[in-house]
Amino acid sequence: MPELPEVEHIARSLNKVLSGQTIRAARLLRDRLAPHTTRAAFAMQLKNARINFVHRRGKHILFDLDNGRTLLTHLRMTGNFSVFGPDSADPKFTHAIFFLGEESRLVFDDQRHFGLMKILKTAELYDSPELKKLAPEPFSDDFSVEYVHRTVQGSKKRIKELLLDQTKFCGLGNIYAAEALFLSSIGPRTISNKLSKPKAIRLREAAQQILREAIEESEALEADPANLEETYSSRAGWRVYDREGEACSVCNGPIKRIKQGGRSTFYCPRCQK
DNA sequence: ACCCTCACCTGCACGC
DNA sequence: TGCGTGCAGGTGAGGG
C-alpha cells in the first residue's frame with residue numbers, strides 16, 4: 001500500500017540483496033497477477049535470468065534482467081516483496097515465487113490481489129502503457145516550477161484529485177497528497193487552475209519536502225529483507241492524515257475529514273485556503 | 001472535462 | 001459472540 005517513498009525504500013533494499021543474483025526458477029501462482037502472460041511463459045522468460053539491478057519509476061518496481069527483459073511490478077494496496085531463507089514459510093496470499101540460490105527466494109504476496117506484474121522488453125520499457133504517460137519524477141529536472149505551474153493551470157480538477165493523477169504528479173498517494181497540501185496551506189478542494197504561481201511553487205516544494213522526509217526516514221532504518229514493509233507500516237506521525245478531530249499542529253483547530261473521489265481527505269480548514 | 005460509483009479482494013475496527 | 005457496515009497508503013472503467 002505504498003506511495004513513492006515506500007516503493008523507493010523497497011526498490012533500494014531489493015537492489016542491495018538481489019543485484020547480481022540469478023532467478024533459477026519463477027513460479028506464478030495466481031494468473032491474474034500477470035494477466036498479459038501465462039504461467040508457462042512467465043516461468044520461461046524469467047528462468048536463469050540474472051537480475052542486473054532493481055529500480056523504480058513512479059510506484060512501479062522494476063527488475064532489470066540480463067536477458068533483455070524487465071519485470072515490471074506494481075504493489076497497489078497490499079502487494080509486498082520479501083526475501084526468505086529456507087526456514088520461512090510463504091505468507092498466506094503468496095502469488096509469485098522467484099527461486100534464487102539454493103537457500104533463498106523472493107516472494108510476492110498480496111492480500112487484496114490488486115498487484116500487477118508484466119514482463120517487458122527492456123528496450124521498450126518506457127514506451128509501455130504503464131510508464132509512458134507517467135508524470136516526471138518529483139526529484140528530476142523535468143519536475144520544474146514551470147512544469148508544475150503549467151500542469152495546475154491546465155486542469156479544472158480539485159487539486160487533491162489532481163495530485164493523485166499519476167500522469168500529472170507521480171509518486172504521491174492519498175497520504176502524501178494530503179500532507180503536501182497541508183504543508184503548502186492549500187485547501188484540498190481548490191480548483192487547480194485557480195492556484196497562483198506562488199502557490200504552485202509552494203506546492204511543488206511541499207511535495208518534494210514531504211517525499212524527501214519520508215525517504216530519508218526509511219533510509220535511516222536497517223531494512224530486513226524478510227520484512228520490508230515493517231519499516232514503513234510502523235510509521236506514525238502524519239501532520240493531518242488520519243487525524244480527524246485532532247488539533248492542528250499549527251493553529252490548534254480541529255482537523256477535518258471530507259470525501260473526494262471516494263477517498264478520505266484530511267486537512268485543516270483554518271490553515272488551508 | 002469533470003465527478004461519481006463501482007470493481008478488483010481481504011481483513012479489521014466499530015456499533016448494536 | 002456474532003453480524004452488519006464502512007474503512008483501508010491504488011487504479012481503471014463506465015456513466016451522467
Side-chain angles (χ1 to χ4, degrees), chain A residues 1-11 29-36 56-61 72-81 90-96 108-118 128-135 138 150-182 188-195 207 210-211 213-215 217-218 228-245 257-267:
Chain A
M1 8 181 189
E3 303 182 30
L4 185 146
E6 294 76 33
V7 173
E8 172 82 18
H9 174 249
I10 293 167
L29 303 173
R30 183 177 64 89
D31 292 313
R32 292 177 62 184
L33 172 61
H36 299 281
R56 171 191 75 69
R57 171 74 175 98
K59 299 176 190 171
H60 301 265
I61 295 172
L72 175 147
T73 71
H74 198 299
L75 306 175
R76 293 287 184 97
M77 293 287 263
T78 52
N80 181 37
F81 280 109
D90 291 327
K92 181 169 178 189
F93 298 103
T94 292
H95 298 312
F108 178 83
D109 73 281
D110 184 7
Q111 176 194 112
R112 292 177 72 179
H113 301 201
F114 297 167
L116 289 172
M117 291 192 183
K118 191 174 183 182
S128 67
E130 288 79 7
L131 303 189
K132 193 173 184 166
K133 294 176 71 184
L134 275 186
R150 195 186 338 124
T151 299
V152 298
Q153 285 307 302
S155 173
K156 292 175 185 160
K157 275 194 200 170
R158 316 246 171 204
I159 187 63
K160 160 69 166 17
E161 300 212 52
L162 190 70
L163 290 177
L164 295 180
D165 180 343
Q166 302 295 300
T167 70
K168 304 291 194 299
F169 290 84
C170 104
L172 292 172
N174 205 37
I175 294 181
Y176 296 119
E179 298 289 292
L181 288 171
F182 175 75
R189 283 184 285 208
T190 309
I191 305 296
S192 301
N193 69 9
K194 295 272 206 276
L195 285 172
I210 288 290
L211 294 172
E213 268 178 18
I215 290 170
E217 212 171 297
S218 63
L228 290 174
E229 113 192 295
E230 140 197 279
T231 35
Y232 61 84
S233 62
S234 60
R235 262 195 79 153
W238 311 114
R239 291 165 170 88
V240 286
Y241 182 79
D242 204 21
R243 302 187 76 113
E244 182 185 16
R257 172 199 192 125
I258 56 171
K259 212 61 144 171
Q260 290 184 288
R263 317 196 63 195
S264 292
T265 299
F266 299 85
Y267 72 109

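Per chain, numbering begins at 1; letters A, B, ... match sequence-line order. Fair warning: this is a prediction, and the values are worked out from it, not measured in the lab.
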Is [X] close enough to [N] that one of its side-chain N or O atoms is under 4.0 Å from OP1 or OP2 there?
X: A:Gln166; N: C:dT11; result: yes
X: A:His74; N: C:dG10; result: no
X: A:Arg32; N: B:dC9; result: yes
X: A:Thr78; N: C:dA8; result: no
X: A:Arg263; N: C:dG10; result: yes
X: A:Arg257; N: C:dA8; result: yes
X: A:Lys92; N: B:dG11; result: yes

Worksheet item: Can you find a side-chain donor-acceptor pair between A:Thr94 and A:Asp109 that sits under 3.5 Å?
Response: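 There is no such pair between these side chains.
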Worksheet item: Judged by modelled atom types alone, do A:Tyr176 and A:Glu213 share a side-chain donor-acceptor pair under 3.5 Å?
Response: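 No donor-acceptor contact under 3.5 Å links the two side chains.
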Worksheet item: For C:dA8, what is the paired nucleotide under Watson-Crick or G-U wobble rules, both distances under 3.5 Å?
Response: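 The answer is B:dT10, by the H-bond criterion.
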Please report the interatomic distance [atom1]([X]) to [atom2]([Y]), rounded to the nearest 0.5 Å.
X: A:Lys157; Y: A:Asn193; atom1: NZ; atom2: CG; answer: 13.0 Å
X: A:Ile258; Y: A:Arg189; atom1: CD1; atom2: CZ; answer: 4.0 Å
X: A:Thr78; Y: A:Phe93; atom1: OG1; atom2: CZ; answer: 9.0 Å
X: A:His113; Y: A:His95; atom1: NE2; atom2: NE2; answer: 3.5 Å

Would you mind telling me which of [options] lies closest to the side-chain atoms of [X]?
X: A:Glu161; options: B:dC9, C:dG10, B:dC3; result: B:dC3
X: A:Ser264; options: C:dT11, B:dC3, C:dA8; result: C:dA8
X: A:Gln111; options: C:dA8, C:dT11, B:dG11; result: B:dG11
X: A:Phe93; options: B:dG11, C:dA8, B:dC2; result: B:dG11
X: A:Ser155; options: C:dG10, B:dC3, B:dC2; result: B:dC2

May I have the distance from [X] (atom [atom1]) to [N] (atom [atom2]), rounded to whole angstrom?
X: A:Phe169; N: C:dG10; atom1: CZ; atom2: C1'; answer: 18 Å
X: A:His95; N: B:dC8; atom1: NE2; atom2: P; answer: 15 Å
X: A:Asp31; N: B:dC9; atom1: CG; atom2: P; answer: 12 Å
X: A:Gln260; N: B:dT5; atom1: CD; atom2: P; answer: 13 Å
X: A:Lys168; N: C:dT11; atom1: NZ; atom2: C1'; answer: 14 Å
X: A:Asn80; N: C:dA8; atom1: CG; atom2: P; answer: 21 Å
X: A:Asp242; N: B:dA13; atom1: CG; atom2: P; answer: 13 Å
X: A:Arg76; N: C:dG12; atom1: CZ; atom2: C1'; answer: 7 Å

Discussion item. Measuring only the P atom in each nucleotide, how far is C:dC3 from B:dC8? A whole number of Å is fine.
Written reply: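 So the two P atoms sit 24 Å from each other.
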Worksheet item: Mind checking the C1' distance from B:dT5 to C:dG6? Whole angstroms is fine.
Response: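 Their C1' atoms lie roughly 16 Å apart.
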Fill in: Side chain A:Arg150, main chain A:Val152, donor-acceptor under 3.5 Å
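No; zero donor-acceptor contacts below 3.5 Å.
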Practice prompt. Name the residue closer to the 5' end of DNA chain C, choosing between A:Lys259 and A:Leu164 according to the nucleotide with the nearest heavy atom.
Written response: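 Closest to the 5' end, via its nearest nucleotide, is A:Lys259.
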Worksheet item: Where each residue is assigned the nucleotide of DNA chain B containing its nearest heavy atom, which of A:Arg158 and A:Arg30 is assigned the position nearer the 5′ end?
Response: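 Final value for this comparison: A:Arg158.
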Worksheet entry | Comparing A:Gly262 and A:Lys157 on DNA chain B - which has the more 5′ nearest nucleotide |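 By nearest-heavy-atom nucleotide position, the 5'-most residue is A:Lys157.
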Worksheet item: Stacking here means centres under 5.5 Å and planes under 30°; does A:Phe114 stack on B:dC8?
Response: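 Yes, A:Phe114 stacks on the base of B:dC8.
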